[in-house]
Amino acid sequence: FVTLTIDGIEVKAPAGSTVLEAAKLAGIHIPTLCFLKGINEIGACRMCVVDVGARSLQAACMYPVSEGLKVVTNSPEIRESRKVTLELILSNHEKKCLSCVRSGNCELQKLARDLNIQEIRFEGEEPDYPVDDLSPSIVRDNNKCVLCRRCVSVCRDVQTVSVIDAVDRGYRTTVASPFNMSLKDTPCVNCGQCITVCPVGALREKSSVERVWEALANKDLYVIAQTAPAVRAALGEEFGLPIGTPVTGKMVSALKKLKFDKVFDTDTAADLTIMEEGTELVNRIKNGGKLPLITSCSPGWIKFCEHNFPDLLDNLSTCKSPQNMFGAMLKSYYAEKMGIDPSKIFVVSVMPCTAKKFEARRPELAATGYPDVDEVITTRELAEMIREAGIDFLNLKNESFDDPMGEASGAGVIFGATGGVMEAALRSVPYLLTGKDPDQIDIKAVRGEDGIKTAEVEVAGIRIKAAVAHGLGNARKLLEKVRSGEETYHFIEIMACPGGCVTGGGQPIQPASVRNEIDLRTERAKAIYQEDAASTIRLSHHNPAVQKFYEEYLGEPGGHKAHHLLHTHYTA
Ligand code: HC0
């Protein structure tokens, strides 16, 4: 520890920490804009400048503490410096705040209020950059960009995808893809992590809201909603509920009020995925198939694999993701059972994920001759629709998913957090190998936020070696070891987003002031594990809806019909 004074207050701070961190220990707030803990600590925006007795003001987010250091965080010079910087940023910022997707949730707007900006003394230049809206998932609008570079850092350092960077110098600096290409033409994996770190509206999802409103208004269509496991763990944040509050019943109620003909649970298909993927694992282990088997439900990960690890494509499970399995089942089994023309069924997925929009458009995912999924909206877009419809979300009564496709196990729910697919699979593999239930349901070794987690489970004399990676940078590290033969596993779960789907690119955006203090991944995952623990059915193979799918329609897991509807293939 070192002792310093900040605004006359003596503070003991760990050696190696920054003035910003020390100020927080002393309860002193220093404004920031570009800073995002663990992701973007580059001192670019100069909003956090403080006086450390040096020749010029210094960025508190970068300046290290030292014994006896004297820091001033609030003086006329400091306030003026911050105001000038902010006014310069604002002078070149497209200020269409009322119609901005981040209106009311914009870190720049809040900063302007906090710093008491009442006029902008610099004329600046009205920005006029073309908006890149060609990607199926992400819209980039440089007219709103404040050059904080959080998106660049998360894309390059966390995801190791690196499709955007700051280009040109000084006044001409912008964030761009190589050769100014659209994101659609780059190896962007559509994960949307750039959106969730953006302090302003320079990045947003490609909206599907209007198409969903149109479908709901079309009397010829039978419009079905399916909701992903992680949506229920975060939707409440859009309506002011504490992070980690599960809102499953209110979410279902809101979707019914929006007039979806049926509201089903993607978790049901997650259970189905476990039957198919577990069977695939058992078959590969028994028959000397390609190992490790790697999960295939995260579409950002699939695109990453196609671009970066094409030699591992045969290792991917051939299972479609639960969202697409469900779509295929709705347009075949459910359509037949209910006597509905599948061409009239319009499947809307509510997902925490922007890459699911891309996945839904993959032409090979149309087993019935119709796209498995017609439209994908994110958790944020669902909240927009709820607000637009004037639904009083907080006062909704809890409602249940519709039958017969709404029944799910706790194993299906935990898909939404990193390690969840692995845990769900390990709960059912003993049954698939021996016909017996597992001795242990909770497999805590694969839970939590370590970037790479491993576990070994003994089943019927086979020691199954499993690994879990979340965030594509961690996936890259793990797979390089697998590729080189340094490490061997039977089964690997990979989720593109750090934390898994609970912190997907389509989830409610929390500002840096929140993200710097709490781990969103852990808090939202709690809601998921809570729902699992409270479930009466916690094993996918016990799900009666899934048992019925096989009895009435699919035959055996991994059988011919299941293959046709529920599996896919990959080409580099
Ligand atoms: Fe996920 Fe999924 S768990 S990818 O994270 O497998 O998006 O929540 O819906 O499909 O079920 C996302 C979340 C899903 C799928 C499921 C899987």
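Please read these numbers as outputs of a predicted model, since none were measured by experiment. All values below come from the heavy atoms of this structure, side chains included, with hydrogens, waters and symmetry mates left out. Remember, it's 1-based here, ligands and their atoms both numbered in the order they're listed.
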Distance filter under 4.0 Å to Pro229 heavy atoms, resulting ligand 1 atoms: 3 (S), 8 (O), 9 (O), 11 (O), 13 (C), 14 (C), 16 (C)
For atom 7 (O) of ligand 1, closest protein heavy-atom neighbour: Cys353 CB, 3.2 Å
Closest approach of any protein heavy atom to atom 8 (O) of ligand 1, naming residue and atom: Ala230 N, 2.9 Å
Short side-chain donor-acceptor distance under 3.5 Å, Glu306 and Tyr570: no
For ligand 1, the portion of Gln323 having any non-hydrogen atom under 4.0 Å away: both
Contacting atoms of ligand 1, where contact means under 4.0 angstrom from a heavy atom of Pro322: 6 (O), 10 (O), 11 (O), 15 (C), 16 (C), 17 (C)
Min heavy-atom dist Ser298 to ligand 1 below 4.0 Å: no
Pair Glu205 + Lys357: basic N to acidic O under 4.0 Å: no
Atoms in ligand 1 flagged as close to Ala270, the criterion being non-hydrogen separation under 4.0 Å: 11 (O)
Heavy-atom nearest neighbour in the protein, as seen from atom 9 (O) of ligand 1, with distance rounded to 0.1 Å: Ala228 CB, 3.0 Å
Shortest protein contact, atom 3 (S) of ligand 1 (heavy atom only): Phe415 O, 3.3 Å
Donor-acceptor side-chain pairing of Gln226 and Thr266 below 3.5 angstrom: yes
Check: Glu276/Thr279 side-chain N/O donor and acceptor closer than 3.5 Å: no
Geometric cation-pi criterion Arg387 and Phe393, 6.0 Å radius, 45° cone: no
Atoms in ligand 1 with a heavy atom of Met351 nearer than 4.0 Å: 7 (O), 9 (O)
Numbering as shown, the atoms of ligand 1 that approach Lys356 to under 4.0 Å (heavy-atom distance): 4 (S), 7 (O), 10 (O), 12 (C), 15 (C)
Any Thr266 heavy atom less than 4.0 Å to ligand 1: yes
Ring geometry between Tyr222 and Tyr334 (parallel below 30°, tilted from 30 to 60°, perpendicular above 60°): tilted
Heavy-atom nearest neighbour in the protein, as seen from atom 1 (Fe) of ligand 1, with distance rounded to 0.1 Å: Cys501 SG, 2.4 Å
Residue-ligand contact Pro352/ligand 1, heavy atom below 4.0 Å: yes
Heavy atom of the protein closest to atom 6 (O) of ligand 1 (residue, atom name, distance): Cys297 CB, 2.8 Å
Closest non-hydrogen atom pair, Gln159 against Cys191: NE2-SG, 3.5 Å
Geometric class of the His563/His567 ring pair [parallel <30°, tilted 30-60°, perpendicular >60°]: parallel
Any donor-acceptor N or O pair under 3.5 Å, side chains His541, Asp437: yes
Donor-acceptor side-chain pairing of Thr354 and Asn190 below 3.5 angstrom: no
